[in-house]
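Reckoned from all heavy atoms, side chains included, excluding hydrogens, waters and symmetry mates. Order of the sequence lines sets the chain letters (A, B, ...), proteins ahead of strands, with each chain counted from 1.
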2 protein chains.
Amino acid sequence: MSPRKSVAEARRTRERIVEHAIAVASVEGLEGLTIGRLATDLGMSKAGVLGHFGTKEALQLATLDEASAIFARTVWGRAQHEEPGLPRLRAVCDAWIAYVETEREVFPGGCLFTTAAVEFDARSGPVRDAVARMYRVWRRRLAGEVRVAADCGDLPAGTDPDQIAYELTGLYMAFNQDIQLFADPAAAERARRALARLLGQDLTR
Amino acid sequence: MSPRKSVAEARRTRERIVEHAIAVASVEGLEGLTIGRLATDLGMSKAGVLGHFGTKEALQLATLDEASAIFARTVWGRAQHEEPGLPRLRAVCDAWIAYVETEREVFPGGCLFTTAAVEFDARSGPVRDAVARMYRVWRRRLAGEVRVAADCGDLPAGTDPDQIAYELTGLYMAFNQDIQLFADPAAAERARRALARLLGQDLTR
DNA sequence: CCTACCGATCGGTAGG
DNA sequence: CCTACCGATCGGTAGG
């Protein structure tokens with residue numbers, strides 16, 4: 001019997017649980033996510049699932065954390081090599097559109113953050129706090145990139161970074177809705193047009 | 001014993017249930033809404049609550065219907081006397097901002113439609129269908145008002161009504177989030193500025 | 001509108 | 001990681 005292998009296997013099991021929890025939560029919400037459902041889907045016992053986290057709340061936080069890592073990797077990571085300012089901002093927004101459009105296997109019910117934000121925005125507790133913190137970080141990063149773009153003249157002088165970050169957030173919420181609620185094939189096109197108005201992006205490229 | 005009075009009382013009880021269901025659902029969601037919770041809050045038995053609707057799904061649909069009536073009355077109703085086109089569109093958007101800001105007693109957890117849309121956008125069934133239908137109607141009305149405004153020259157000639165309606169939806173989703181998740185006092189100001197950009201609205205009036 | 005009840009499922013624990 | 005179990009609550013029904 002090898003303790004090392006056992007530890008590695010346990011970690012792998014935990015990863016499997018979280019990965020599936022993300023998929024379930026994107027459809028049912030973080031509250032609709034249940035231990036029993038996860039156990040059945042993964043062919044485990046409820047105690048086996050819960051043992052990795054202790055409480056449902058800890059499972060929710062772990063699910064949120066991993067979703068956050070995927071989002072950062074997919075959207076922000078892809079734009080990291082671009083120059084700070086408008087080039088990187090455009091790359092981020094393009095990656096964001098692709099993320100909402102193509103990550104349907106990871107998030108079959110759409111962006112988990114949109115779901116979690118609306119689900120917990122009227123509650124209190126650690127999950128709500130985690131969601132709010134993630135949104136704040138994301139908005140601050142967006143606004144920072146807008147600021148650099150404005151400072152170097154790529155965006156108009158009077159540009160308000162927080163305002164643009166706010167409008168970008170709304171743009172992607174509506175985009176997510178067009179895809180999830182209406183399954184509208186024109187959704188991405190509309191999102192890109194809104195983006196063009198906001199950032200003066202070249203539509204023809 | 002008066003059958004008429006009894007019927008009227010039953011209707012009044014039903015209205016009380018729906019009114020409270022709206023408040024609870026705006027915080028907990030339409031799935032988080034439970035018969036037992038309603039019964040306790042209203043000092044009734046579960047059977048007494050459920051008897052008015054038959055099933056939880058029927059209760060959810062009744063709650064959604066009443067919320068829709070309130071929304072239509074508060075947002076669209078207030079602008080009805082304005083001239084079709086940009087004047088009415090502006091009045092609708094102003095009323096919409098006021099609605100999100102001030103209807104906190106009716107919707108303590110924020111706009112029920114935002115919550116319901118995200119909660120059901122990845123599911124199937126009558127509730128999802130009802131939510132989608134309501135959003136479609138609302139978007140079509142908005143787009144119609146934009147079209148009139150563009151036709152009579154109050155908005156630029158190339159204006160795409162569906163595009164504007166899409167961007168307006170996103171604007172209000174982000175606005176709702178700023179209020180609910182961040183309790184940001186600058187939320188309304190930001191929403192008005194986004195509106196100004198979108199509709200060329202005069203900010204000084 | 002009530003009491004009394006149903007089977008199913010919830011999050012979680014004990015003990016191994 | 002499992003089985004076996006806990007009290008609480010879920011939506012819903014029977015009968016009045």
Exercise. What pair of heavy atoms forms the shortest contact from A/V127 to A/E57, and how long is it?
Worked result: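 Smallest interatomic distance, heavy atoms only, reads CG2-CG, 3.9 Å.
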
Under the rule for side chain to side chain contact (heavy atoms under 4.5 Å, CB included), what residues qualify as partners of [X], not counting sequence neighbours?
| X | result |
| --- | --- |
| B/D151 | B/R147 |
| A/V118 | B/T114, B/T115, B/V118 |
| A/R104 | A/I179, A/Q180 |
| B/V92 | B/V75, B/W76, B/A79, B/R88, B/W138, B/L142 |

Problem set entry | Partner residues of A/E119 under the salt bridge (Lys or Arg N to Asp or Glu O under 4.0 Å) criterion, sequence neighbours left out |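 A/E119 satisfies salt bridge (Lys or Arg N to Asp or Glu O under 4.0 Å) with no residue once adjacent residues are dropped.
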
Exercise. Got a sec, which residues hit salt bridge (Lys or Arg N to Asp or Glu O under 4.0 Å) with B/D184, two or more places apart in sequence or on another chain?
Worked result: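 B/R190.
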
Do [X] and [Y] sit within salt-bridge range, that is, some charged N less than 4.0 Å from a carboxylate O?
| X | Y | value |
| --- | --- | --- |
| B/E82 | B/R90 | no |
| B/D94 | B/R78 | no |
| A/R73 | A/E66 | yes |
| B/D160 | A/R193 | yes |

Exercise. Stem ranges for DNA chain C, with three or more consecutive Watson-Crick or G-U pairs under 3.5 Å?
Worked result: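 Correct response: C:1-16 with D:1-16.
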
Problem set entry | A/R133 side chain reached by A/D129 side chain, heavy atoms, under 4.5 Å |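 Side-chain contact under 4.5 Å: no.
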
Exercise. Given side chains that start at C-beta, do those of B/D154 and B/P87 come closer than 4.5 Å, heavy atoms only?
Worked result: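 Side-chain contact under 4.5 Å: yes.
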
Pairs of donor and acceptor atoms involving the side chains of residues 10-30 of chain A, under 3.5 Å and at least two apart or interchain, shall be tabulated with distances.
unit_1: A/R12; atom_1: NH1; unit_2: A/E15; atom_2: OE1; d: 3.2
unit_1: A/T13; atom_1: OG1; unit_2: A/E9; atom_2: O; d: 2.9
unit_1: A/R14; atom_1: NH1; unit_2: A/H52; atom_2: O; d: 3.2
unit_1: A/H20; atom_1: NE2; unit_2: A/D41; atom_2: OD2; d: 2.7
unit_1: A/S26; atom_1: OG; unit_2: A/A23; atom_2: O; d: 3.3
unit_1: A/S26; atom_1: OG; unit_2: A/G109; atom_2: N; d: 2.5

Problem set entry | Near-strand residues of residues 38-50 of chain A, defined as heavy-atom separation under 4.0 angstrom from DNA chain C |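 When residues 38-50 of chain A is checked for heavy atoms under 4.0 Å from DNA chain C, the hits, listed by number, are A/K46, A/A47, A/L50.
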
Exercise. Per the ring pair (Phe, Tyr, Trp, His ring centres under 6.0 Å) rule, which among A/Y135, A/Y99, A/Y172, A/F107 passes with A/F71?
Worked result: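 Looking at A/Y135, A/Y99, A/Y172, A/F107, the match for A/F71 under the ring pair (Phe, Tyr, Trp, His ring centres under 6.0 Å) is A/Y99.
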
Problem set entry | chain B contact limits on DNA chain D, taken 5' to 3' with a cut-off of 4.0 angstrom to heavy atoms |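 Counting from the 5' end, contacts occupy D/dC10 to D/dT13.
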
Exercise. Counting only non-hydrogen atoms, which of residues 54-61 of chain B are less than 4.0 Å from DNA chain D?
Worked result: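 The stretch gives B/T55, B/K56 as the residues lying under 4.0 Å from the strand, ordered by number.
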
Problem set entry | Strand-adjacent residues in residues 18-28 of chain A, judged by heavy atoms under 4.0 Å from DNA chain D |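 None - not one residue of the stretch has a heavy atom sitting under 4.0 Å from the strand.
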
